[in-house]
Structure formats: structure tokens, C-alpha cells
Amino acid sequence: MKLNRSVSRFALGAVLLGASAWNTFAAEETLRDLAKERGRYIGAILNSEWFRGDIEPEFEQIHKTQFNTVVAENEMKFDATEPSEGQFNYTYGDKMVQYAKENGMRVRGHALAWHSQVPNWVNNYKGQKEKLLQVLKTHIDSVVGHWKGDVAEWDVVNEAVNDGDHTWRDQGSVWFETIGEEFLDSAFVWAHAADPDAELCYNDYAIEWGLGQGSKAGFVLEQVKRWKENGIPITCVGTQTHIEIAHETTPENVRAFAKALAEYGVTLNITELDIGFPNGSASSLGAADYAKQGHLYRQFMDVFLEEPNMGEFVIWGLTDAHSWLDAQQGKTQGLLWDKQYKPKPAFDSLIVSFKAHPASEVVTPYKLDKDTTSIARHVESPRISASLVGRTLSISGASSAKIELFDMQGRPVFSGKAESSSINLSNIAEGLYVVRIHAGSANLIQRIAIK
Ligand code: 9MR
């Protein structure tokens, strides 16, 4: 049967072929529910604008509905938490921890030892090794200690490998230049002492470029091996994964890296994903571009769900209206919601990937404790349900609804309006689809099999 993309060409007569073609999924499924069922976490940062109360109400509403892990864009960094020596400021971090508790979310702490966003008073101690060791220890003891039990996982060291020969960043890092390699080992040991239950990560960008000779991922893997052999308490690596639309090989590189880390019992997390388009291209982007972006997002989610030692999938932003890409990266439109908070095909692609990986087949790297299993849906919205009888999709709970159909790669196939609570899908080719139904503030995403 040929696909017809125009709703106006749809025949409205019902073709009753029996109800067996319908795959039933729970109503109102969200990314966080699908992740939780699989023992996994999905998250997005809270942008700095959220902390300052300078963001649209849709932001928080979507954030707490869709995500079960949370990270501060800037507010747990060194310059934010210890702006003057020995003077700690936990106000914004506490605000996020409270938000996470209210909404059943896991907290990632970002970041303890990083060459960037270090206040000047630290740089003034350059060259004084004993003093800087003490500064770093005090910072880690205090910050990790303050959020002991609240922050589940820390980026203990961030971006310590240089961009050139992929050895340690020996320029522009007050920590490495003054202390040497031992700053990393010490930071992990101190963080573990301050909260023995926290997961402790090494986090970096350009890890998604693969394990080839001289690669950053290869260098990091060597360090993980050394750390594990030496009893340094690292438990995870974060691949930031700030990529662009042309980087089609990166999901499989992430898979290879996850497999390599599994040898050492270390988890790989995707910690800062965004998939940008070239800056200035926004006005010329069309459905095919966003479908391609969705496909790449989906490939990352497929890898994430298929590799047993992956735990968190975190996106560096929620809406294209608030993203570091435009201002700082020469890229644009890299997130799941557009500037008007409309979900992009990438959102559906992630749903599709979850649906293609049943909970019974996804392994969790975590011990599921009572906090994890108690994560519940926190945002109630009006309920709708849908059923397919033959080629007629009937909606209950709404008299009219917007219907969107996507193929299993997340590509849009059809969009139209269900009047009088039903729509006829006679012109859609046989196959498996994800249908998204919007009626007022209610949303429903389900998989359907059209026969
Ligand atoms: O998104 C963050 C932006 O607001 C800050 O100005 C910038 C300063 O370095 O840091 C951004 O977040 C970075 C993260 O902390 C580490 N990995 C790269 C992220 C994007 O630059």
C-alpha cells in the first residue's frame, strides 16, 4: 500500500479488520519512565537561566516530566561553589538538589577538578604545589561532603587531556602545571573518602572519535587501566559527545569505547550530548535535516541501551532557545525541543529506540535501590488513550486530536487531525510506527502495527 502524507486525501470510512494489529503501551509514556523501566537514567542540564529564575515555565514542566537525572550547567563548578578561598556558596546547588528530590531525580555533580572556570584566587597559587594540593583537597572534601548522599555521581576530573597529542593537558591547567599527574589520582581518592557511595567519573570531549592510534579515547583507556591497577576509585567515564550532524561514525565509536571499558568494570555515560547544525543554517533546515538529526540521536540511544555498562544519557540542554551551541560553539539547533518548546523528531527517535529495546533485554549497571524504584511520574496531565481497529485509530478522552506518525527510525511519515475522536489510516503502508497524539495539554505516544 502506498504512503500518502496528506491528511486531506485520507478516506474517512472505517475498515474493520480486527483489533489484533494493535500494540498496547502505557499511556503518556515519557523518556524518564521508559529509562526507569530499563534501570537507566536520562537527563538534561538545568541551564543557568533556570537557577536565576529567568526561563520560560515550559522549561521546568518539560524537564521534570521527561528526565530522571539532572546536572547544573555551571552552578556546581569550582568558581561557583568556592568563589573566594574557604568561602563556599551552595545556594544554587542546593536549589537543584531540592528540585531533584521533589521530582525523583538522580543528581550528577559537575565538576570538581577542571582547568576552566577556576577562580583567580586559585590561579594565584600557581607554582606552589603543596598549597594547591591542599586547596584541591579542601575543595573536594567540602563540596562532596556537603552533598554527600545527595549527589549520586561526580565528574571528579574534567577535560584533563590536551587537544594536540592527546596526552595530559600540560598548558593552561593550573592543576597539572603545578601538581602534575598526581592531581588526578588524588582528586579521585579524596572524592571517594568524602562520599564512598558516589560514582566517580573522568569526563572529557572528543572521546567519540574512536580508539585509533594516538586517540584521546585510547589515552583515557590507558589511564583507566592504570587507575584500576593502582586502586584509584574511578567507577565511570563520561563521554561529553558534543557533535555535529556530519559525525555519523560517532555512535559506533562510543559503542567500541563502552566495550573496552567493560573490561575494567567501568561504566560509560553520555554526559553532554548535543548534535548541532552549522551556525547560520537554521533558516534553511527542513524535515529531512531534522530526521537525520533524529536518526543520529536514535543511534546513540540504541548503543546506550545495548551496552550493559552504560548508565546515563544526558543532553547538554533541553531547548534550542537556551543552548551554549549558538553563543560559544558555532553550531545551532542541537537539542530535542525547538525554540518554541515543540518536540523535534529527535525526541520521537529516542522514544522509538526505547520501544525497540524491551526492558527485559536491557541490563542496568546499577543496583536498583529504593530511591530508584520509587521514581514515579510527577506531572499529571489529562489522560487520553487510543486504539486501532483495522485502519481506524480511535481516541478516547478527546474529541479532536493532532496525530503524527513516525517510522521506526523516527522519520515523520504522516501528520493530520482526528475529528470526532477517530482517524482513518488506510493510506499508510503496512509496518510498525510510533504514533504521537496531542489533545490540549495531553500527549500520548504509542507504537502501532499497521497491517
Ligand atoms: O554550557 C556551559 C556554558 O554556559 C559555560 O559558559 C561554559 C564555560 O566553560 O561551560 C559550558 O559547559 C561546558 C561543560 O561544563 C564542560 N564541557 C563543555 C560544556 C560546553 O562548553
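In this chain, residues are counted from 1 in sequence order. This is a predicted model, so every value here is computed, not measured.
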Peer 1: For N279, is there any backbone N or O sitting under 3.5 Å from a side-chain donor or acceptor partner on T332?
Peer 2: no
Peer 1: With the threshold set at 4.0 Å, does a side-chain nitrogen-carboxylate oxygen contact exist between E248 and K292?
Peer 2: yes
Peer 1: State which residues pass ring pair (Phe, Tyr, Trp, His ring centres under 6.0 Å) with Y92; sequence neighbours excluded, sorted by chain then number.
Peer 2: F51
Peer 1: Determine, stepwise, if the pair W50 / H63 fulfils ring-ring contact (aromatic ring centres under 6.0 Å, His included).
Peer 2: CA-CA 11 Å; W50 177 87; H63 192 279; 7.8 Å; no
Peer 1: Got a sec, which residues hit side chain to side chain donor-acceptor pair (under 3.5 Å) with D302, two or more places apart in sequence or on another chain?
Peer 2: R298, S353
Peer 1: What pairs with K331 under side chain to side chain donor-acceptor pair (under 3.5 Å), at least two apart in sequence or on another chain?
Peer 2: none
Peer 1: Can a donor-acceptor pair be found, under 3.5 Å and without considering hydrogens, that links the side chain of Q293 to the backbone of Q333?
Peer 2: yes
Peer 1: Do side-chain atoms of H110 reach the backbone of M76 as a donor and acceptor pair under 3.5 angstrom?
Peer 2: no
Peer 1: Can you tell me which residue pairs pass the salt bridge (Lys or Arg N to Asp or Glu O under 4.0 Å) test with a partner in residues 183-192, sequence neighbours excluded?
Peer 2: D185-R226
Peer 1: Measure the acute angle between the ring planes of Y90 and F88, then classify it against the limits of 30° and 60° as parallel, tilted or perpendicular.
Peer 2: parallel
Peer 1: What residue among V161, V224, L211 forms side-chain contact (heavy atoms from CB on, under 4.5 Å) with F219?
Peer 2: V161
Peer 1: Would you mind checking if K95 and E75 are paired as a salt bridge, meaning a charged N to carboxylate O distance below 4.0 Å?
Peer 2: no
Peer 1: Does R38 use its side chain to pair, donor to acceptor, with the backbone of L34 at less than 3.5 Å?
Peer 2: yes
Peer 1: Taking side chain to side chain donor-acceptor pair (under 3.5 Å) as the definition, give me every residue that meets it alongside E419, ordered by chain and number, with sequence neighbours left out.
Peer 2: none
Peer 1: Is it true that a side-chain atom of T364 and a backbone atom of G39 form a donor plus acceptor pair closer than 3.5 Å?
Peer 2: yes
Peer 1: How about K225: does its NZ atom have over 12 heavy atoms from other parts shown lying under 6.0 Å from it?
Peer 2: no
Peer 1: So does E306 pair up with R255, basic N to acidic O under 4.0 Å?
Peer 2: yes
Peer 1: Check for me whether K216 meets the cation-pi criterion with Y205, that is, NZ or CZ under 6.0 Å from the six-membered ring centre and within 45 degrees of the ring axis.
Peer 2: yes
Peer 1: Tell me whether the rings of W154 and W147 are parallel (<30°), tilted (30 to 60°) or perpendicular (>60°).
Peer 2: tilted
Peer 1: Under 3.5 Å, side chain of N103 to main-chain N/O of Y99, donor-acceptor pair present?
Peer 2: yes
Peer 1: Counting only N and O atoms by type, is there a donor-acceptor contact under 3.5 Å from the side chain of S281 to the main-chain atoms of P278?
Peer 2: yes
Peer 1: Kindly write out the residues that satisfy ring pair (Phe, Tyr, Trp, His ring centres under 6.0 Å) with F188, not counting sequence neighbours, or none if the list is empty.
Peer 2: W227
Peer 1: Identify whether the distance between the nearest side-chain nitrogen and carboxylate oxygen of D338 and K342 falls below 4.0 Å.
Peer 2: no
Peer 1: According to ring pair (Phe, Tyr, Trp, His ring centres under 6.0 Å), who are the partners of Y341, at least two apart in sequence or on a separate chain?
Peer 2: none
Peer 1: Any salt bridge (Lys or Arg N to Asp or Glu O under 4.0 Å) pairs touching residues 148-159, not counting sequence neighbours?
Peer 2: K101-D150, R106-E153, R108-E153, R108-D155
Peer 1: Not counting sequence neighbours, which residues clear side-chain contact (heavy atoms from CB on, under 4.5 Å) with S421? List them please.
Peer 2: S399
Peer 1: Return the set of residues passing side-chain contact (heavy atoms from CB on, under 4.5 Å) with P57 (not counting sequence neighbours), or none when no residue passes.
Peer 2: none
Peer 1: Examine distances only and state if a side-chain atom of N253 and a backbone atom of E208 form a donor-acceptor pair shorter than 3.5 Å.
Peer 2: yes
Peer 1: Could you check whether the rings of F347 and W337 sit parallel, tilted or perpendicular, using 30° and 60° as the cut-offs?
Peer 2: tilted
Peer 1: Name all residues meeting the side chain to side chain donor-acceptor pair (under 3.5 Å) criterion together with E404; count only those two or more places apart in sequence or in a different chain, and write none if there are none.
Peer 2: R436, H438
Peer 1: Got a sec, which residues hit ring pair (Phe, Tyr, Trp, His ring centres under 6.0 Å) with F304, two or more places apart in sequence or on another chain?
Peer 2: F313
